[in-house]
There are 2 protein chains.
Amino acid sequence: MRPPRHAANLDDMPRLLIADDHPLFRAALHQAALAALDDGSIGEACDLPGTLDALGAEPDTDLVLLDLHMPGSRGLSGLATLRGQFPAVAVMVVSAHDEPRVVRRVLDHGAAGFISKSASPGEITSAIRTVLDCGEWVPPHLGESVAALPSDPNDSDLAARLSRLTAQQYRVLGLLAEGLLNKQIADRLAIQERTVKAHVTAIFEKLGVRNRTQASMLLRTLDLADPARVD
Amino acid sequence: MRPPRHAANLDDMPRLLIADDHPLFRAALHQAALAALDDGSIGEACDLPGTLDALGAEPDTDLVLLDLHMPGSRGLSGLATLRGQFPAVAVMVVSAHDEPRVVRRVLDHGAAGFISKSASPGEITSAIRTVLDCGEWVPPHLGESVAALPSDPNDSDLAARLSRLTAQQYRVLGLLAEGLLNKQIADRLAIQERTVKAHVTAIFEKLGVRNRTQASMLLRTLDLADPARVD
DNA sequence: GGACGCATCGGACTTTCGTCCCATGGCCGG
DNA sequence: CCGGCCATGGGACGAAAGTCCGATGCGTCC
């Protein structure tokens with residue numbers, strides 16, 4: 001399920017990327033990361049497209065600290081996108097939703113760890129060190145509950161399917177799930193409708209669905225709603 | 001937003017319906033309801049279709065005690081269905097999700113009250129009395145937090161739109177949101193595809209969407225997921 | 001260099017979707 | 001008893017979706 005994270009960057013110069021839409025929290029993560037690294041570089045992004053761009057520019061990034069709730073991503077969709085498009089990059093999810101089942105799902109979707117937003121700087125530093133060392137990190141106070149939770153087979157299955165999508169296919173899927181027509185998707189991506197159709201067909205085949213409604217439903221199961229989102 | 005609940009049954013013989021898939025809890029609710037009624041009848045149902053059937057058979061029911069999580073309904077969809085098809089019947093939601101934002105959404109979708117599954121029998125009895133008296137009931141310990149929460153305009157809007165759907169249209173919408181073709185929906189409902197198309201067009205018009213993918217997305221916002229459903 | 005995956009398109013085609021007319025019959029409330 | 005809403009269908013139609021054949025480049029990996 002969780003593909004091996006090979007160190008894209010073998011020397012002792014770890015590359016980190018901090019992806020969070022809250023500047024203050026970004027700074028706090030930055031401090032904790034500095035304490036965890038002897039040396040290395042730390043980038044920042046404030047939304048999902050920015051994160052993808054940064055990874056595209058630095059493909060040998062070792063670790064992304066990812067907030068689940070950012071512009072362009074709610075729930076697990078951002079994580080799924082990153083894991084699908086950059087399977088070699090480890091992702092540690094940072095979230096205020098520190099409930100065992102959320103952590104369980106996050107891990108099942110390929111995250112290398114989970115940091116609660118209420119964690120102390122020291123804990124965050126430990127978490128980063130652990131994950132950079134190819135370990136897995138779960139908040140100590142949640143460890144047992146998470147281990148006790150079974151993986152949802154639907155989740156593992158979904159993660160496996162989504163990971164087969166290419167980057168472009170993932171973009172098409174996202175637009176498709178907003179109810180856009182093929183023609184509109186084509187305009188957004190600056191390609192021809194025929195090409196969109198080709199992608200859509202490939203998406204259906206990989207996800208094992210037969211039409212766009214089913215595909216968008218599948219994507220929706222990635223939503224990790226606050227039980228009552230007010231946004 | 002919340003249409004007036006006129007007492008369909010003006011004499012002192014209140015009719016209740018308990019809808020919960022857990023027999024034990026159904027019995028507990030039954031006891032609490034008996035304590036709240038001097039006289040009256042109490043029916044039971046264990047899934048959403050059963051609830052709808054029971055209401056169809058007893059349209060002058062006064063109050064339904066509705067579990068949010070039942071076969072055929074997850075999240076707010078069951079509530080929306082009931083409110084849409086039987087606007088004259090008061091619904092009190094019974095759920096373990098006793099978080100303020102859940103309660104807020106439940107009320108915005110037309111519920112007359114909310115009972116936490118951890119409430120005492122006495123509290124449940126009070127709640128039933130209050131609602132039967134055309135009042136609104138929120139657990140005392142949540143009252144302030146719920147009142148402080150703003151109604152999500154999306155929710156009010158969605159509730160208003162969904163309430164305009166007819167019973168049959170609601171069924172069609174449900175099947176449509178599962179990714180079924182018009183032809184398949186027709187088979188399920190034992191009607192012609194043309195008729196399904198007529199319903200679908202009406203649904204789009206009432207919901208203000210332009211295709212089935214958008215319609216199914218709209219319906220999906222009714223999901224009140226446990227943050228990480230394991231089902 | 002060659003195999004492979006990917007993105008990009010093209011044509012032609014069938015199916016499904018969605019809309020526009022229209023009509024019928026039932027049921028309910030004024 | 002009648003006007004209105006509803007569910008049910010019919011015919012025809014354009015638009016969109018989805019599939020099947022094909023092709024061209026562009027990278028990467030071995």
Side-chain angles (χ1 to χ4, degrees), chain A residues 6 8 52 56-57 59-60 81 84-88 162-218, chain B residues 3 6 8 52 56-57 59-60 84-88 162-218:
Chain A
H6 65 269
L52 295 175
D60 54 349
T81 307
Q85 302 193 21
F86 302 94
L162 286 175
S163 67
R164 301 181 52 207
L165 295 184
T166 67
Q168 189 75 322
Q169 285 166 5
Y170 210 94
R171 288 186 210 106
V172 171
L173 176 57
L175 297 172
L176 180 153
E178 290 177 16
L180 272 60
L181 305 178
N182 287 339
K183 173 71 173 143
Q184 297 174 303
I185 297 175
D187 289 346
R188 291 270 191 108
L189 298 179
I191 56 180
Q192 297 302 312
E193 186 183 353
R194 308 193 181 282
T195 308
V196 174
K197 286 190 178 186
H199 286 311
V200 168
T201 299
I203 291 170
F204 291 171
E205 200 280 329
K206 289 184 178 178
L207 294 187
V209 300
R210 312 206 58 221
N211 59 51
R212 55 181 55 220
T213 304
Q214 292 177 351
S216 51
M217 289 296 107
L218 213 53
Chain B
H6 64 269
L52 295 175
D60 54 350
Q85 302 193 22
F86 302 94
L162 287 175
S163 67
R164 302 183 51 208
L165 295 183
T166 67
Q168 189 76 321
Q169 285 166 4
Y170 210 94
R171 288 185 210 106
V172 171
L173 176 58
L175 297 172
L176 180 153
E178 290 178 16
L180 271 60
L181 303 178
N182 287 339
K183 172 71 175 142
Q184 297 174 306
I185 297 175
D187 289 346
R188 292 270 192 107
L189 298 180
I191 55 180
Q192 296 303 310
E193 186 182 353
R194 307 193 180 284
T195 310
V196 174
K197 286 188 178 186
H199 287 311
V200 168
T201 299
I203 291 170
F204 291 171
E205 201 281 327
K206 289 183 179 178
L207 294 187
V209 300
R210 313 204 57 223
N211 59 50
R212 55 180 56 218
T213 303
Q214 292 176 351
S216 51
M217 291 294 109
L218 214 53

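Naming convention: chains lettered A, B, ... in sequence-line order (proteins, then strands); numbering from 1 in each chain.
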Between atom CZ in A:R212 and atom P in D:dA15, what is the gap in whole Å? 17 Å
Under 4.0 Å: is that the gap between some side-chain N or O of A:T201 and OP1 or OP2 of D:dG18? no
Tell me the interatomic distance from B:K183, atom NZ, to D:dG9, atom P, rounded to whole angstroms. 11 Å
Round to a whole Å and report the spacing from CD1 of B:I191 to P of D:dG10. 12 Å
Do the non-hydrogen side-chain atoms of A:Q214 and A:L207 ever get within less than 4.5 Å of each other? no
Any side-chain heavy-atom pair of B:V196 and B:L175 under 4.5 Å: no
What's the closest nucleotide to the side chain of B:Q168 if the choices are D:dA7, C:dT8, D:dT19? D:dA7
Rounded to whole Å, the CZ-C1' distance (A:R194 to D:dT19) equals 13 Å
Which nucleotide in C:dA7, C:dT19, D:dA7 has an atom nearest any side-chain atom of A:T166: C:dA7
Return the value, rounded to whole Å, for the distance between atom CD of A:Q192 and atom P of D:dG25. 17 Å
Quick check for you: among D:dT8, C:dC9, C:dT19, whose closest atom lies nearest to any side-chain atom of A:T195? C:dC9
By nearest-heavy-atom nucleotide on DNA chain D, the more 5' of B:A198 and A:N182 is B:A198
Does some side-chain heavy atom of B:T195 sit less than 4.5 Å from a side-chain heavy atom of B:L189? no
To the nearest Å, give me how far apart CG (B:L175) and P (C:dT16) are. 17 Å
NA contact type, A:Q169, heavy-atom cut-off 4.0 Å: base, sugar-phosphate, or nothing? sugar-phosphate
Relative to the 5' end of DNA chain D, which residue comes earlier, B:K206 or B:N211, by the nucleotide with the nearest heavy atom? B:K206
Main-chain N/O of A:L180 paired with A:Q184 side-chain donor or acceptor, under 3.5 Å: no
Could you give the NZ-to-P distance, from B:K197 to C:dC21, as a whole number of Å? 16 Å
Side chains of A:R212 and B:N211: does their closest heavy-atom pair fall under 4.5 Å? no
Below 4.0 angstrom from OP1 or OP2 of D:dT8, is there any side-chain N or O of B:H199? yes
Distance check needed: D:dA16 C1' versus A:L180 CG, whole Å only. 14 Å
